[in-house]
Amino acid sequence: MSRPDCSLCGEMLVELFELFGDAAAGIRVRDIDDDAELEARYGRRIPVLLIDGDFVCAYRLDRSRLQGYLPE
């Protein structure tokens, strides 16, 4: 989840692209302001990284939590 002009959102996205390379093309960025339910759930707690609907991290990329979602 992201919001326009969010520097932390941009930083997380750059880190994800660095980690995943070409596979990062499958990353979907959603503007939290376009969805009232997401806005109510996460509010100002962005960026939020979800994988298959599971909460992974917010604010900064948590590489240790992300490892649990990566194939071995």
To the nearest 0.5 angstrom, please state how far the [atom1] atom of [X] sits from the [atom2] atom of [Y].
| X | Y | atom1 | atom2 | answer |
| --- | --- | --- | --- | --- |
| Asp52 | Asp54 | CG | CG | 6.5 Å |
| Ser2 | Leu38 | OG | CG | 12.0 Å |
| Leu13 | Leu49 | CG | CG | 10.0 Å |

Problem set entry | Residue pair Met12, Cys57: steps toward the side chain to side chain contact (heavy atoms under 4.5 Å, CB included) verdict | CA-CA 10 Å; Met12 184 182 285; Cys57 58; 4.0 Å; yes

Exercise. Would Ile27 and Leu19 show up in the same hydrophobic cluster when neighbours are defined by side-chain heavy atoms closer than 4.5 Å?
Worked result: yes

Exercise. Are side-chain heavy atoms of Ile32 and Val48 found at a separation under 4.5 Å?
Worked result: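 No, too far: nothing below the 4.5 Å cut-off.
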
Problem set entry | All salt bridge (Lys or Arg N to Asp or Glu O under 4.0 Å) counterparts of Asp62, not counting sequence neighbours | none

Compare every heavy atom of [Y] with every heavy atom of [X], then report the nearest pair and how far apart it is.
| X | Y | answer |
| --- | --- | --- |
| Arg3 | Cys9 | N-SG, 3.8 Å |
| Phe17 | Ala24 | CD2-CB, 3.4 Å |
| Arg45 | Tyr59 | CG-OH, 3.2 Å |
| Arg65 | Phe55 | NH2-O, 2.8 Å |

Exercise. Between Glu11 and Arg60, is there a side-chain N and carboxylate O pair less than 4.0 Å apart?
Worked result: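 Counted as a salt bridge, because a side-chain N and a carboxylate O are separated by less than 4.0 Å.
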
For this session: Assess whether atom CG of Asp22 is packed by more than 12 heavy atoms of other residues, nucleotides or ligands within 6.0 Å.
Result: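 Atom CG in Asp22 is not crowded, with 12 or fewer foreign heavy atoms closer than 6.0 Å.
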
Problem set entry | Audit row: Leu61, Val56, side chain to side chain contact (heavy atoms under 4.5 Å, CB included) steps and yes/no | CA-CA 9 Å; Leu61 186 61; Val56 177; 5.9 Å; no

For this session: Determine yes or no for a side-chain-to-main-chain donor-acceptor pair under 3.5 angstrom, with Arg30 supplying the side chain and Met1 the backbone.
Result: no

Exercise. Do Ile46 and Cys6 pass the side chain to side chain contact (heavy atoms under 4.5 Å, CB included) test, and can you show the C-alpha distance, the side-chain angles, and the key distance before you say yes or no?
Worked result: CA-CA 8 Å; Ile46 57 162; Cys6 169; 4.0 Å; yes

